[in-house]
Every structure is written in C-alpha cells, then in structure tokens.
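Structure first, then comments.
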Amino acid sequence: MSKQNKNNGNDQVIGDFFKKSLVVIAILAVVVLVVIYLMNRTDDIKQVEEQTFQAPVKLKKQFDPPEVLFMEQAAQRGINFIHENGATGERMLPETMGSGVAFIDYDNDGDQDLLFVNGSHWQWNEAKISQQTLYENNGEGQFTDVSKKMGIADQFYGTGVAIGDVNNDGFDDIFIAAVGKNHLYVNQSGQGFKKSPALLDCTEDGWSTSSGFFDYDNDGDLDLMVLNYVQWSKELDLSADYKIDGIGRAYGPPSNFPGTHNCLFENQLGQSENLFVDVTDLSGIKVKNSATGKFEGKSLALVFSDINSDGWQDIIIANDTTKNFVFVNQKDKTFLEQGSEVGLAYNDSGKATGAMGVDTAFYKNNNDMAVSVGNFANEMTSFYVNRANMGFFTDESVITGIGPQSRLALSFGLFFFDYDLDGRLDLFQTNGHVENDINKVQAVQNYAQKSQLFWNCGNDCERTYVPIENTGDLTGLDMVGRAAAYADIDNDGDYDVVVTQVAQKAKLFINQGPKQNTNQQKNNWIGIKLKSNKAIIGAKITLVSEKGTQVFNYSPTKSYLSQVQIGQIIGLGDSKITQIMISYRGGEKQIDKFVLKSWNTIKIE
C-alpha cells in the first residue's frame with residue numbers, strides 16, 4: 001500500500017470515528033435534559049400516605065402432614081441379610097450398583113415372603129460365601145431363612161429380580177438378573193424351586209439389571225423383559241482407569257462404557273418345549289443412535305404402564321446418562337420407541353439424566369398421570385406429568401415440590417405408595433452415593449445419605465408434594481440405599497418398606513401408623529388381590545370414592561432392581577367407596593361385594 005493511500009485510509013477512519021462520537025454526544029445530551037426535566041417536575045409529586053402493612057393473602061389451603069412412624073426392625077424380625085459386592089479395592093463398576101429385593105408369597109399362605117438378591121466375589125479374587133436369600137414369613141411379620149430348603153441358595157453375581165407365575169399354575173416364580181448368566185427358578189407348588197435350563201440372555205457376557213414380567217401380546221401368559229446396563233468387562237473397566245483428584249482410582253461413570261440393548265422373551269406356554277423364546281430382534285426394542293450407529297441403551301429400571309389407554313402394556317425405561325426410552329406397544333408383538341415424542345426422554349433442560357429408579361402413578365386422583373425418575377447427585381428427581389391424557393409429558397419437578405428438595409441426593413429405589421392411607425399417593429426414594437470417598441472432594445456430598453419421603457397434600461396445596469422428616473427411622477437413618485420395595489408384611493393394612501444397601505445390612509421399616517401422642521386415627525383401607533387361571537399382571541384397578549377416582553396398574557415391577565407386593569392396598573381416608581372396577585385384557589368387572597380394612601381376593605375370568 002502507498003503512503004498516500006495509507007494516509008487516505010487513516011483520514012477515513014478518523015472521520016468515521018468523529019461522526020460516531022457526535023452521535024453518542026447527542027444521545028447523552030438528550031438523556032441529561034430528560035433527567036433534569038423530570039427532577040424539576042415538583043408539581044407532579046404527591047404525598048403518599050403511610051398504610052399498615054398487610055400480609056399476602058394465602059389463596060390456597062394449608063395442611064399439616066400426618067405423623068406416621070416407621071421403625072427399623074430387620075434384625076428383630078429375623079432378617080440378617082448383608083449384601084456382598086466383591087469389592088477388594090479395584091473399583092469395578094458393578095460393585096457400587098447394589099442388588100435387588102422382592103416381596104413374594106411363594107407358598108400361597110396369604111403373607112409376604114422376602115427375597116434378597118445377592119452379589120458375589122469376583123472369580124479372580126478369593127472366594128467369599130454369599131447366596132441368594134429367601135425368608136419365609138410366619139404370617140405375623142417374623143422371618144426365617146429358607147434359602148437352602150427352597151433351592152434358592154445359589155452363588156452368582158445377582159442384580160435385579162422379577163416375580164410372576166410363568167406357567168399359570170397358581171404359584172409365583174422367580175427370575176434373577178445377573179452380571180453374567182441370568183437365572184429362572186420355577187416354583188414347585190410352594191415346596192421349593194427348580195432352576196430352569198432356559199437361556200434368558202440376549203447379549204454375550206451381559207450385565208442385566210432390572211427385569212419384569214408382563215403380557216406384551218395379551219395372550220394370557222407372562223412374557224419377560226430384561227434390561228441390560230452397559231457392555232462391561234474387567235478389562236474395559238481397568239482400561240478406563242477413571243480417577244478423581246484426592247481419591248485416586250474411582251468408580252467410573254457409564255460414559256466410560258459402550259451402550260447396549262435390552263432383551264424381550266415371549267412366553268410360549270403350551271406351544272413349545274422351550275417356555276421362553278427370544279424375540280428381541282423382532283420386537284423393535286433395539287435402539288441405536290442415528291448418528292453413530294451405536295446402541296444407546298444404558299438401562300437400569302423399568303415400569304409397565306398403558307400410557308395411551310389402548311389396553312396394551314407399554315414400557316418406560318430409565319437410562320443412565322442417555323435418553324429414557326418409552327416403548328409403545330403396537331399390538332402386533334412389536335414396539336415403537338417414542339421417548340422424545342411423549343416428553344420422557346430428557347429433563348426440563350433438554351438433557352439426559354443419570355436415571356436410576358422409576359415409577360408411575362395417577363397422583364392427583366384424576367386423569368393426570370405422573371412418571372417419576374430418581375437421578376444422580378446434583379440432578380433433581382424428575383417428575384413428568386401428562387395432564388388429562390394430552391399425550392405429552394412435561395417435567396414439573398419444581399412446581400410439584402419434588403425438585404428443589406431432591407437436587408443434592410443421589411437416588412436409586414423410588415416408588416409411589418400411600419403410606420398414611422389418606423387416599424393420595426406419596427413418593428419415597430432411597431439415596432446413597434456411588435463413590436465411597438466422595439466427601440473428600442465434595443463437601444456437600446456423602447456416601448451414606450438419608451432417604452426421602454414426600455407427602456401428597458392434595459390438589460389445594462401450593463405444592464403437591466411436601467418433604468416429610470418426622471417418620472422415625474425411614475427418613476432418619478443414613479444409608480447407602482439402592483433397591484427399595486414395599487408390602488404389607490404383617491397384614492395390618494399399611495405398607496412396610498425394605499431397602500438394600502451396598503455391602504451392608506438390609507433395612508426393614510415397619511409402618512407403625514399414626515404416632516401415639518397425636519389424635520390422628522388410622523384411615524380406612526381396602527386390599528385387593530386378583531386371582532385368575534391366566535396371567536393377571538397388567539390389570540387396571542379403578543376405585544371411585546368421595547375423594548375422587550384412584551387408578552392402579554396391577555404390576556409389581558417398579559423402583560430399582562426390585563419388585564413390590566403383588567396386590568394393592570388402597571387408602572380411603574374417611575371417605576366411602578362408590579365403585580370398584582377391574583379392567584383386564586379388554587374386559588371389565590364391577591366389584592359389588594367387598595370388605596373394608598381387609599384383603600379381598602377377586603376372581604378374574
């Protein structure tokens with residue numbers, strides 16, 4: 001560039017700057033004049049009279065939470081189960097994920113027995129004694145270990161559990177998922193269990209987690225859904241070499257491992273020598289990322305629910321750090337994954353969460369359906385709501401009161417249940433971190449954490465859910481909580497809760513009802529058990545009372561690695577029942593005769 005051109009260019013720059021400066025000066029002058037004008041308008045200033053302050057009017061009613069006690073009584077009731085995770089310092093990821101628990105009336109004597117799934121030592125380490133453990137209930141909530149007698153005391157690295165009558169003989173059978181080979185135990189009329197030779201794995205050397213029985217094709221027998229977490233091996237785990245400053249080697253996140261897919265097995269009772277046939281490839285449940293072509297699933301928990309009210313069971317699956325799945329039943333033995341389309345794939349920020357446990361409920365006694373998902377630390381528990389069958393869920397964690405109180409917790413087992421029998425579904429979640437030494441690097445986090453109970457205070461409250469701490473041991477003990485389930489173990493009409501821990505003792509919390517120092521009386525309730533010569537899981541119970549309509553899905557699959565009692569306790573408060581309807585496989589039955597404060601067994605054709 002010539003010297004003349006350079007000077008011309010500089011002149012142009014200076015000229016442009018001068019013009020812009022004049023504009024800025026003009027704007028500032030106008031602003032100053034306006035301010036001076038407003039300051040001198042004394043004629044418009046009026047004296048304001050001081051008035052007495054009035055508190056904001058509370059537009060909605062406030063309710064006092066009930067005072068209901070839960071007492072931890074595992075040892076007192078004969079339960080001494082301790083989880084074995086095989087940890088010796090190598091920090092293998094399965095060691096921190098825990099194992100499941102299930103309630104099962106295996107001998108059909110009318111009370112709930114208790115099955116604990118156990119892990120094991122690793123094959124490359126010194127053997128430790130551990131076993132799957134079955135406790136028999138004597139009818140009064142006292143338990144005796146009958147594992148060896150019943151043929152359950154096997155040693156393998158167990159994870160999740162499913163309960164269901166796979167051969168329609170009237171006795172519930174047991175499926176136990178595992179790191180490695182899964183196992184099916186067929187009930188021999190309450191006299192013991194026989195291990196089935198059925199191959200119930202659809203991936204090589206898989207790590208299966210939660211599982212559940214349901215009738216996916218509406219043919220009257222129970223099919224089996226098995227979730228898988230990640231592609232895992234000792235070599236993969238060690239090669240990831242995950243470390244945290246201040247701790248050293250730590251349990252790695254699922255992002256260190258490739259995703260995988262889940263399994264579906266169709267029950268061909270009476271049609272084939274092999275009771276279950278692998279229909280995974282035909283069913284449409286294999287989900288791959290469209291961009292990478294890799295499997296997206298890192299699945300930990302599932303719940304069955306007819307989300308579109310078409311009479312066919314759909315599947316909601318909680319995935320850890322990847323989008324949640326919703327498999328919508330196409331009524332032709334296939335599913336269509338629509339998690340994003342129905343609003344359950346991501347949280348309210350559009351992000352995938354570290355999802356662990358899951359459950360669903362009609363939480364407001366109307367057609368508003370909720371799906372709640374327990375998430376990783378520093379992520380709120382998700383609370384998705386589909387209002388009045390709109391077909392789309394929105395994350396309402398904050399406005400329902402769940403979100404802010406659950407943000408710090410790392411939640412695993414989670415479920416809805418009516419702990420105080422007032423006719424509204426409350427929410428429980430058990431918490432515990434995955435890293436033993438997390439407090440060394442995060443002051444607000446602890447390995448053992450308190451469980452949380454959220455009371456449903458009804459439609460007239462500012463927030464539907466209120467955190468409750470005055471429940472005795474249930475929310476008072478620090479635990480490394482993992483699996484959680486509920487049942488009425490002593491047949492007194494209220495739900496008791498069991499929680500497993502990592503490498504520690506399981507806890508059993510007995511519902512004591514209202515505190516003795518209150519004037520509260522135990523609410524009315526009705527218990528419903530369904531009986532049929534065909535698979536009955538998946539039925540819909542609708543109860544109409546003066547408080548509104550309560551709807552329940554008759555399925556024990558929920559929470560995390562767990563199964564709750566098969567049977568439904570329905571709290572009534574002080575209201576009266578006007579109608580009970582049972583819907584099953586396209587038919588409906590109205591219940592005209594029933595007994596309050598008792599279990600009612602209803603025959604379904």
Side-chain angles (χ1 to χ4, degrees), residues 102 104-108 115 150-152 160-177 181-202 208 210-227 262-285 302 304 306 311-315 327 329-335 529-540 553-557 563 566-567 582-587 601-605:
I104 173 176
D105 183 6
Y106 81 89
D107 48 4
N108 283 359
L115 172 69
M150 292 295 110
I152 291 293
V161 59
I163 304 298
D165 182 4
V166 300
N167 52 11
N168 287 346
D169 67 349
F171 289 85
D172 283 329
D173 310 296
I174 298 171
F175 171 81
I176 299 180
K181 185 179 184 298
N182 298 326
H183 301 266
L184 175 66
Y185 295 88
V186 180
N187 197 328
Q188 307 298 299
S189 302
Q191 302 304 305
F193 290 86
K194 182 179 180 180
K195 188 182 292 188
S196 168
L199 180 62
L200 296 173
D201 301 271
C202 70
S208 299
S210 292
S211 54
F213 290 107
F214 74 126
D215 188 0
Y216 93 109
D217 50 4
N218 276 3
D219 66 350
D221 52 45
L222 289 179
D223 311 297
L224 175 64
M225 184 76 177
V226 181
L227 303 190
N262 301 313
C263 309
L264 179 62
F265 300 94
E266 181 180 330
N267 191 331
Q268 295 194 337
L269 183 62
Q271 304 175 37
S272 171
E273 292 183 3
N274 298 318
L275 184 61
F276 287 98
V277 175
D278 186 351
V279 295
T280 304
D281 291 333
L282 303 174
S283 63
I285 65 168
L302 77 165
F304 304 113
D306 181 8
W312 296 71
Q313 292 286 288
D314 310 301
I315 314 169
F327 290 113
N329 199 320
Q330 302 298 292
K331 311 178 189 179
D332 59 359
K333 297 189 177 183
T334 68
F335 293 88
K529 295 178 181 178
L530 304 181
K531 184 178 181 181
S532 175
N533 57 2
K534 292 185 178 181
I536 198 63
I537 290 177
K540 180 179 178 182
N553 186 33
Y554 196 78
S555 171
T557 301
Q563 302 277 284
I566 301 177
I582 311 295
S583 303
Y584 175 58
R585 297 179 65 234
T601 300
I602 299 170
K603 175 71 174 177
I604 303 296
E605 300 299 334

[Y] backbone acceptor or donor facing [X] side chain under 3.5 Å:
{"X": "D223", "Y": "N267", "answer": "yes"}
{"X": "D215", "Y": "G220", "answer": "yes"}
{"X": "N187", "Y": "Y106", "answer": "yes"}

Are the side chains of [X] and [Y] in touch, meaning some heavy atoms are under 4.5 Å apart?
{"X": "D107", "Y": "F171", "answer": "no"}
{"X": "I537", "Y": "P556", "answer": "yes"}
{"X": "L184", "Y": "I174", "answer": "no"}
{"X": "V279", "Y": "K333", "answer": "no"}
{"X": "M225", "Y": "N262", "answer": "yes"}
{"X": "W312", "Y": "N218", "answer": "yes"}
{"X": "D306", "Y": "N553", "answer": "no"}
{"X": "K529", "Y": "Y554", "answer": "yes"}

Return the minimal non-hydrogen interatomic distance between [X] and [Y], and the atom names on each side.
{"X": "E266", "Y": "Y216", "value": "OE1-OH, 2.8 Å"}
{"X": "F335", "Y": "Q313", "value": "CE2-O, 3.8 Å"}
{"X": "C202", "Y": "D278", "value": "CB-OD2, 3.3 Å"}
{"X": "F327", "Y": "I285", "value": "CZ-O, 3.4 Å"}
{"X": "V226", "Y": "S208", "value": "CG1-OG, 3.6 Å"}
{"X": "D165", "Y": "L222", "value": "N-CD1, 3.5 Å"}

Return the [atom1] to [atom2] distance between [X] and [Y], rounded to the nearest 0.5 Å.
{"X": "I152", "Y": "I176", "atom1": "CD1", "atom2": "CD1", "answer": "6.0 Å"}
{"X": "I536", "Y": "L530", "atom1": "CD1", "atom2": "CG", "answer": "5.0 Å"}
{"X": "F276", "Y": "L200", "atom1": "CZ", "atom2": "CG", "answer": "6.5 Å"}
{"X": "I602", "Y": "S532", "atom1": "CD1", "atom2": "OG", "answer": "12.5 Å"}
{"X": "D172", "Y": "I566", "atom1": "CG", "atom2": "CD1", "answer": "4.5 Å"}
{"X": "Q563", "Y": "S210", "atom1": "CD", "atom2": "OG", "answer": "8.5 Å"}

Exercise. Decide side chain to side chain contact (heavy atoms under 4.5 Å, CB included) for L275 and L269; before the verdict, give the C-alpha distance in whole Å, the side-chain angles of both, and the deciding distance to 0.1 Å.
Key: CA-CA 6 Å; L275 184 61; L269 183 62; 3.8 Å; yes

For atom [atom1] of [X], decide whether the heavy atoms of other residues, nucleotides or ligands shown that lie under 6.0 angstrom number more than 12.
{"X": "K181", "atom1": "NZ", "value": "yes"}
{"X": "K531", "atom1": "NZ", "value": "no"}
{"X": "K534", "atom1": "NZ", "value": "no"}

Quiz item: For F175, which of V161, V186, N182, V166 qualifies under side chain to side chain contact (heavy atoms under 4.5 Å, CB included)?
Solution: N182

Practice problem: Determine the interplanar angle of the F193 and Y185 rings, folded into 0 to 90°, and report it as parallel if under 30°, tilted if 30 to 60°, perpendicular if over 60°. | Solution: perpendicular

